[in-house]
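A short worksheet on the structure shown next.
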Amino acid sequence: MQESINQSLKPITTEINDNQNLEIGGCDLVELAQKYSTPLYVLDEATLRGICQNYKQAFSSYEKVNMMYASKALCTMATSAILSSEGFGFDVVSGGEIYTVYKAGVDMSKVLFNGNNKSVDEIKLALDLGVGRFSVDNFLELSLLNEIAKSENKIANILLRITPGIECHTHEYIQTGHLDSKFGFDLTQVDEAVSLILDEYKNLNLHGLHAHIGSQIFETQVYHDEIEILVKELSRLDEKFGLKLDEINIGGGLGVKYTEKDLPPSAFEIADVIIKSLNASVEKYGIEPPTLFIEPGRSIISTSGVTLYTLGSSKQVPKGKKYVAVDGGMSDNPRPSMYQAEYSAQIANKPLDENIETVTIAGRFCESGDILIKDISLPQIEEGDILCVYNTGAYNYSMASNYNRVQKPQMVLVNNSQSDIIVNRETLDDLVAKDVIPDRLK
Ligand code: LLP
């Protein structure tokens, strides 16, 4: 089966240039580090657009597909504009994400609002800005959304988020579709929710069902199982309530290649399983083919991103490990300390040098657990070398913090030898901008 970009460790434009440095998007990474300073998030536009095209091609044989991008993986105005230009809609989970895509000029009817505890203010913002779908997660939200929509004389178009009871083999914290989950209606609660919508909640218009089974998924069978459950449920609701629901949203989840050990399926393999399962289940349960929503996040954005760091101090533990510290760490990439996530890296100014030592890359934050990469094999390293960590496009900037009051890095977009800032580095003044000293302390 055809390969897709989520199976690549590096951005597709990664090369070694005439300076014998790594380059991405035609930009020398050492020059980028000098120009913008480090840590620096670098995003390759060609890789991002390439995976969007992979997805569109992979699903082209199913007529009714809505590609949504899960903004939680990385949400900035520039990336939203790119994804929108590729024809993607957006899965958003907060007022902040709604506002970001809105400011980026996204067609709000292509936005779907997810989340297990949406606030009144967020629901109002979503209704005011004309968000296309709400994926309703629980009974409280059903009643709240109906009430707010009624008070504004609007109809909210909704999907019901269900918990399909599927376990994926991924990290416990990023599994969401198993039965003991904080997300969605249990299958035993669906009838009650549907009855309430039909009988009482007149300002809600139910279009279909939504599920999400987990993240960094390498199996394909789980999608088959998920689709079978969703389609069976559509057919059951038709029989029981005479409801012709015509949308299913199967969430995201396709994995990426963080290290050589990772072998995720391609977007083409996943699409093949999804479309075949959908066609087979539709036939089996005798319903009209529904519109399919998919909402991948990580597999869209991860591979296009790398992070550049400058190597600083190092410590050789007598008879133990050698630690080399970088100028960032758990605040710009919390994934290693949160999920024991593994990453691959190269020295951008020495890509051709032979690997001669095994070191552990430590972050600069005041916590022993702030280790970015354990036991990586690298060339002879020196202070000032530029480390390029691959596959940091997803869930890095979006989960970054100001731990230790360190400013978040800036992000540049590279393409055709051009680099443009898409997120400015925070300044020291940004860090204190929201602080207030009450008068009585002055
Ligand atoms: N749709 C829903 C409803 C989701 O909850 C998620 C992710 C996605 C789509 C996108 O899933 P993806 O295609 O990115 O796997 N912070 C964790 C990942 C948490 C994912 C949560 N939900 C990490 O860094 O691995």
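Note that ligands are numbered from 1 as they come in the structure, with each ligand's atoms numbered from 1 the same way.
Contacts between E295 and ligand 1, counted as non-hydrogen atom pairs separated by less than 4.0 Å, involve both the backbone and the side chain. Residue contacts with ligand 1 for A70 involve side-chain atoms from C-beta outward but no N, CA, C or O (heavy atoms, distance under 4.0 Å). Contacts of M338 with ligand 1, taken as heavy-atom pairs under 4.0 Å, are absent altogether. Here D91 has side-chain heavy atoms under 4.0 Å from ligand 1, and that is the only part of it that gets that close. Counting heavy atoms closer than 4.0 Å to ligand 1, residue F183 contributes nothing at all.
For the pair K118 and F113, the cation sits on the ring face: its NZ or CZ lies under 6.0 Å from the ring centre, inside 45° of the axis.
A parallel orientation is assigned to the rings of Y55 and F59, their planes being inclined by less than 30° (bins at 30° and 60°).
Contact atoms of ligand 1 toward P296: 13 (O) (distance under 4.0 Å to a heavy atom of the residue). Using a 4.0 Å cut-off to heavy atoms of M399, the atoms of ligand 1 that qualify are 16 (N), 24 (O). The distance from ligand 1 to the heavy atoms of N114 drops below 4.0 Å at these ligand atoms: 3 (C). Near G252, with a cut-off below 4.0 Å to any heavy atom, the atoms of ligand 1 are 9 (C), 13 (O).
Contact of the E228 side chain with the Y285 side chain is registered, since non-hydrogen atoms from C-beta on lie closer than 4.5 Å. Residues F90 and S84 meet the side-chain proximity criterion, which asks for heavy atoms closer than 4.5 Å. With a 4.5 Å cut-off on side-chain heavy atoms, K154 and D128 count as touching. Using a 4.5 Å cut-off on side-chain heavy atoms (C-beta onward), N396 and R335 make contact.
Ligand 1 has no nitrogen or oxygen under 3.5 angstrom from a nitrogen or oxygen of L254. Residue Y339 places at least one N or O, backbone or side chain, under 3.5 Å from an N or O of ligand 1. When only interatomic distances are considered, the shortest N/O to N/O separation between H210 and ligand 1 does not fall below 3.5 Å.
Annotation: the span from I213 atom CD1 to D225 atom CG amounts to 8.0 Å, rounded to 0.5 Å. To the nearest 0.5 Å, the span separating OG on S266 from CG on L254 amounts to 8.0 Å.
Heavy atoms of A73 stay at 4.0 angstrom or farther from ligand 1.
The closest side-chain donor-acceptor pair between T392 and T307 falls under 3.5 angstrom.
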